[in-house]
Amino acid sequence: MPKILVTRRTFSVALAALRASGADVVIWEDHESPSQEDLIKAVADVHGLYAHITNQVNAEVMDAAPNLKVIAEFGVGYDNIDIIAANERGIAVCNTPGILSESTADEAFTLLASMARRTNDLSAMVKRGEWGDFDPLSYLANDIHHKTIGIVGMGKIGSEMAKRAKGFSMNVLYFNRNKRDEEFGASYVDSLEELLERSDYVSLHNPLTPETMNMMSTVQFKLMKKSAILINTTRGAVVDQDALYLALKSGELAGAALDVTVPEPIPADHPLLTLDNCLIMPHVASATVDTRMKMAMMSVENVLACVSGDWPPYCVNQAAIAGNARIKGVYNC
Ligand code: DGY
């Protein structure tokens, strides 16, 4: 009987669908994600791994799992999986594309609006009992409408962000590896530098890769307007956090809102948490009931390929492993 390991608690409907497949389903029930050592032990006899962002699924994990056919990531980003190691071993890697784009863009735009209109620091001030007399010159925020947003990475989430920005009458620029159709009235710029120089708000939507690691650092912050606000809902490592702290502290950059950090969770004594102009959320851009449920069901569809021997519907490396995929047939691994 194929065995599936699910590395976090999941929705009961997803669990029921997994169990209905006839597979032996093991859930990692602990409050914390498995340590690397625990993960290596737990995968020993699994055929399908339903993984999460907190699992580093590297070559060592894969080698500890000689029967592993499918790694189904709960999420669209799969930078926690060593895709080259998976390709070499013929293991299918899957994700949950599309269904979380709108929720993620909702969150990115919420962060933008919160920073622009200072809902974070001003509401904290009211709670501290420091709301003073009406003053035309106090508590001033920034407009959203008719300002320029620069979207880095015009994939599904980036284009949902563009749609929201247009709804708020913003001028939308984007930078992407490839020029796309002028979706939602967004204008392509030839370089990241131009986007940074022209934007009042910069929202990051590109995946974490070796090329995008620390893509936003001292040089990039200096190119941005001093009044600009950075929004990051992709991966923490795309931003050099030490450089960001210095830019925010020195006034080189007006503000930042981060849904993602390095590490996660960010330690309570991290310097970024001392800044009023930095808003940090606990990696929740896709965390709505409806979206997380859809992600769980899509992960189920993917991981169940290890039971049927069929290609998972959302496989990211099918072309790379077509010749040596372990997925073909239940017992040929
Ligand atoms: C994603 O889908 O990549 C989210 O960040 C959750 O990991």
Side-chain angles (χ1 to χ4, degrees), residues 5-11 14 28 32-34 36 39 49-58 61 70-83 86 92-112 151-161 164 176 203-213 215-216 230-239 241 256-266 279-303 312-317:
L5 173 66
V6 185
T7 64
R8 299 297 281 153
R9 292 178 310 152
T10 189
F11 295 89
W28 185 263
E32 303 289 331
S33 291
Q36 201 63 12
L39 183 62
L49 176 62
Y50 177 146
H52 298 81
I53 187 168
T54 43
N55 310 132
Q56 289 308 315
V57 189
N58 55 21
V61 172
V70 180
I71 304 166
E73 174 76 10
F74 176 84
V76 68
Y78 52 90
D79 46 279
N80 57 314
I81 300 171
D82 184 338
I83 190 84
V93 174
C94 322
N95 67 347
T96 61
I99 44 166
L100 48 73
S101 307
E102 288 168 277
S103 296
T104 302
D106 283 349
E107 166 79 357
F109 204 85
T110 300
L111 292 177
L112 183 156
I151 296 176
V152 182
M154 191 51 108
K156 291 192 174 80
I157 301 172
S159 50
E160 287 296 335
M161 188 66 172
R164 281 151 185 74
N176 196 51
S203 192
L204 306 177
H205 297 285
N206 51 326
L208 174 64
T209 63
E211 294 73 42
T212 62
M213 172 93 70
M215 179 189 88
M216 295 296 293
L230 176 73
I231 315 295
N232 186 13
T233 53
T234 174
R235 287 291 182 262
V238 170
V239 174
Q241 286 179 181
L258 313 175
D259 186 60
V260 284
T261 59
V262 180
E264 292 181 3
I266 194 164
L279 169 57
I280 301 190
M281 293 288 280
H283 199 147
V284 287
S286 66
T288 66
V289 176
D290 292 346
T291 294
R292 284 282 166 92
M293 179 89 81
K294 286 183 202 156
M295 289 164 69
M297 294 313 289
M298 204 178 243
S299 302
V300 167
E301 279 186 73
N302 281 327
V303 79
Y314 305 97
C315 183
V316 299
N317 63 342

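Hydrogens, waters and symmetry mates are skipped; everything else that's a heavy atom, side chains included, is used. Order of appearance sets the numbers: ligands from 1, and atoms from 1 within every ligand. Residue numbers count from 1 along this sequence.
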Atom 7 (O) of ligand 1: the protein heavy-atom neighbour that sits closest, reported with distance to 0.1 Å: R235 NH2, 3.6 Å
In ligand 1, the atoms that come under 4.0 Å of a heavy atom of L100 are 2 (O)
Closest protein heavy atom (residue, atom, distance) for atom 6 (C) of ligand 1: H283 NE2, 3.7 Å
Would you name the heavy atoms of N58 and D82 that are closest together and state the gap between them? CA-CB, 4.0 Å
Ring geometry between Y50 and F74 (parallel below 30°, tilted from 30 to 60°, perpendicular above 60°): parallel
Considering all heavy atoms of both residues, which atom of I53 and which atom of Q56 are nearest to each other, and what is their separation? O-NE2, 4.3 Å
What closest approach, in Å, do V93 and A86 show between heavy atoms, and which atom pair accounts for it? CG2-CB, 3.5 Å
Do the side chain of N176 and the main chain of M154 share a donor and acceptor less than 3.5 angstrom apart? yes
Among all protein non-hydrogen atoms, which one is nearest to atom 1 (C) of ligand 1, and what is the separation to 0.1 Å? V76 N, 3.4 Å
Which atoms of ligand 1 are found less than 4.0 Å from any heavy atom of G77? 1 (C), 2 (O), 3 (O)
Ligand 1 to G75, heavy atom cutoff 4.0 Å, flagged ligand atoms 1 (C), 2 (O)
